[in-house]
There are 2 protein chains.
Amino acid sequence: MDSSQLLKGVLDVAVLAVLNERDSYGYDVVRRLREAGLEDVGDASVYGTLRRLFKAGALTSYVVASDEGPHRKYYGLNSVGRAQLTGSATMWTAFASTMNDLLKEVHAS
Amino acid sequence: MDSSQLLKGVLDVAVLAVLNERDSYGYDVVRRLREAGLEDVGDASVYGTLRRLFKAGALTSYVVASDEGPHRKYYGLNSVGRAQLTGSATMWTAFASTMNDLLKEVHAS
DNA sequence: GCCGGTAGTGCGCATTGCACAGTACTGTGC
DNA sequence: GCACAGTACTGTGCAATGCGCACTACCGGC
């Protein structure tokens, strides 16, 4: 009964979606994902995903000082990231639809 | 643009759902999943999942001879499997709903 | 006999989410 | 001044899992 595996391959899209709203930094992305309902998301997963996406060329990055703590490393979508987001979002929707079809009889019973 | 990661943690549920309709064997489960829309599912993944679920005590297993080829190892749900199916299906639905919320603005734009 | 379809097993890899430890800065309370 | 909680990021290493690939093996048709 562990939901953690459900995130596999989907955390990318979730992070991209959050960044699509507005630029953000790791710690804040974690907070926003948890507020959105992904309560079990691990912080290291998000930081790792951000670094991976950046390394893949999907994100821009800039550091901003903060007077409430250490510096914040902001990330934002570039064209590659936006393309990946729309592509992945479409794939997710199709996939989710397929899964719902498969599971609809389960819910019926 | 690889959809394979989406299956992570979900193939279990998909396989359980297919077996919930009726008992089946590996090769047939692969076919039925592909027909259902999971076209990219690998055969080794399904065989592995079946073995894993069986080892976890969620499935029964019996061998049936076939005159169209080699023997078939049928699998069926037991009470543990049915419980896992309903539990996982519920989790999936909640998760999918959360993801749809996160992505709804993406589709809007 | 060979080949394509059917059916299963085993090996090893790549991806990826996560736990955990460590670093570092800020403000509060003592 | 110092412990402590909250903020913020990094690095290491592990575990789960889907998949490619090779292999075995049985069948029918050419």
Side-chain angles (χ1 to χ4, degrees), chain A residues 1-16 23-34 38-56 58-59 61-75 84 88 91-92 95 99, chain B residues 1-16 23-34 38-56 58-59 61-75 84 88 91-92 95 99:
Chain A
M1 295 299 183
D2 181 18
S3 76
S4 73
Q5 292 301 320
L6 290 178
L7 271 181
K8 290 271 178 185
V10 182
L11 187 53
D12 277 29
V13 202
V15 167
L16 288 171
D23 286 13
S24 188
Y25 55 98
Y27 197 80
D28 186 50
V29 171
V30 173
R31 247 188 327 227
R32 285 162 69 191
L33 287 177
R34 292 197 175 140
L38 267 29
E39 291 158 30
D40 293 338
V41 73
D43 57 338
S45 311
V46 173
Y47 285 117
T49 300
L50 286 169
R51 275 177 281 187
R52 194 153 33 78
L53 288 171
F54 177 70
K55 200 176 160 194
L59 301 181
S61 176
Y62 51 98
V63 172
V64 175
S66 165
D67 45 347
E68 296 179 50
H71 68 281
R72 296 169 173 171
K73 193 178 279 184
Y74 274 78
Y75 291 97
Q84 183 171 338
S88 299
M91 286 205 324
W92 158 260
F95 178 77
M99 284 302 297
Chain B
M1 297 294 186
D2 179 18
S3 77
S4 72
Q5 293 299 320
L6 290 178
L7 270 181
K8 291 269 179 185
V10 183
L11 188 54
D12 278 28
V13 202
V15 167
L16 289 171
D23 285 12
S24 189
Y25 53 98
Y27 196 81
D28 187 51
V29 171
V30 172
R31 244 187 331 226
R32 286 163 66 190
L33 286 176
R34 292 198 174 138
L38 267 29
E39 290 158 30
D40 294 338
V41 73
D43 56 338
S45 311
V46 173
Y47 284 117
T49 299
L50 287 169
R51 274 176 284 189
R52 194 151 33 76
L53 289 172
F54 177 70
K55 200 175 158 195
L59 301 180
S61 175
Y62 50 100
V63 172
V64 175
S66 164
D67 46 346
E68 296 179 51
H71 67 282
R72 296 167 173 173
K73 193 178 282 187
Y74 275 78
Y75 292 97
Q84 183 172 337
S88 299
M91 285 206 323
W92 158 260
F95 178 77
M99 285 302 298

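Letters A, B, ... are given to chains in the order of the sequence lines, protein chains preceding strands, and every chain is numbered from 1.
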Handout entry: Partner residues of S24(A) under the side chain to side chain donor-acceptor pair (under 3.5 Å) criterion, sequence neighbours left out
Key = D28(A), R32(A)
Problem - Interatomic distance, Y25(A) OH vs dC25(C) P [rounded to whole Å] - result: 18 Å
Fill in the blank from the handout: Side-chain contact check for T49(B): nearest option of dG17(C), dG18(D), dA8(D) is dG18(D)
Exercise for the section: Send over the distance from Y27(A) OH to dC25(C) P, rounded to a whole Å. Expected result: 17 Å
Exercise for the section: Return the value, rounded to whole Å, for the distance between atom CZ of R34(A) and atom P of dA8(D). Expected result: 13 Å
Handout entry: D43(B): partners by side chain to side chain donor-acceptor pair (under 3.5 Å), with sequence neighbours left out
Key = none
Completion exercise
Of the listed dC26(D), dG8(C), dG11(D), the closest approach to the R51(A) side chain comes from dG11(D)
Practice task
Applying side chain to side chain contact (heavy atoms under 4.5 Å, CB included), name anything that partners Y27(A), two or more places apart in sequence or on another chain.
Solution key: Y25(A), R31(A), Y47(A)
Handout entry: Degree of bending in the helix from dG1(C)-dC30(D) to dC30(C)-dG1(D) once both end axes are built from five pairs, to 10°
Key = 10°
Problem - salt bridge (charged side-chain N to carboxylate O under 4.0 Å, His left out) partners for R34(A), two or more places apart - result: none
Exercise for the section: Check ring pair (Phe, Tyr, Trp, His ring centres under 6.0 Å) between Y62(A) and all other residues, then give those that pass, not counting sequence neighbours. Expected result: Y74(A)
Handout entry: L11(A) CG - dT16(C) C1' separation (whole Å)
Key = 9 Å
Exercise for the section: In whole angstrom, give the distance that lies between atom CD of E68(A) and atom C1' of dA24(C). Expected result: 16 Å
Exercise for the section: Compare the minimum distances between each of dA25(D), dG17(C), dT7(D) and the side chain of P70(B), then state the nucleotide with the smallest one. Expected result: dA25(D)
Problem - Residue pair V63(A), R72(A): steps toward the side-chain contact (heavy atoms from CB on, under 4.5 Å) verdict - result: CA-CA 6 Å; V63(A) 172; R72(A) 296 169 173 171; over 6 Å; no
Exercise for the section: For DNA chain D, determine which residues of residues 41-48 of chain B have any heavy atom closer than 4.0 angstrom to one of its atoms, and list them numerically. Expected result: V41(B), G42(B), A44(B), S45(B)
Problem - R52(A) side-chain N/O to dT15(C) phosphate OP1/OP2 under 4.0 Å - result: no
Problem - Interatomic distance, D40(A) CG vs dC18(C) P [rounded to whole Å] - result: 8 Å
Handout entry: 5'-most by nearest nucleotide on DNA chain D - Y74(A) or D12(B)
Key = Y74(A)
Handout entry: dC25(C) OP1/OP2 closer than 4.0 Å to side-chain N/O of R72(A)
Key = no
Problem - Earlier contact from the 5' end, DNA chain C, for G69(B) and D28(B) - result: G69(B)
Practice task
Output all residues satisfying salt bridge (charged side-chain N to carboxylate O under 4.0 Å, His left out) with R51(B), sequence neighbours left out; order by chain, then residue number.
Solution key: none
Fill in the blank from the handout: Partner of V15(B) under side-chain contact (heavy atoms from CB on, under 4.5 Å), picked from L59(B), V30(B), L50(B), is L50(B)
Practice task
Take atom OH of Y75(A) and atom C1' of dC9(D), then tell me their distance rounded to the nearest Å.
Solution key: 9 Å
Exercise for the section: Under 4.0 Å between any heavy atoms, over every strand shown, what does D67(A) touch: base, sugar-phosphate, or nothing? Just pick one. Expected result: sugar-phosphate
Problem - side chain to side chain contact (heavy atoms under 4.5 Å, CB included) partners for E39(A), two or more places apart - result: none
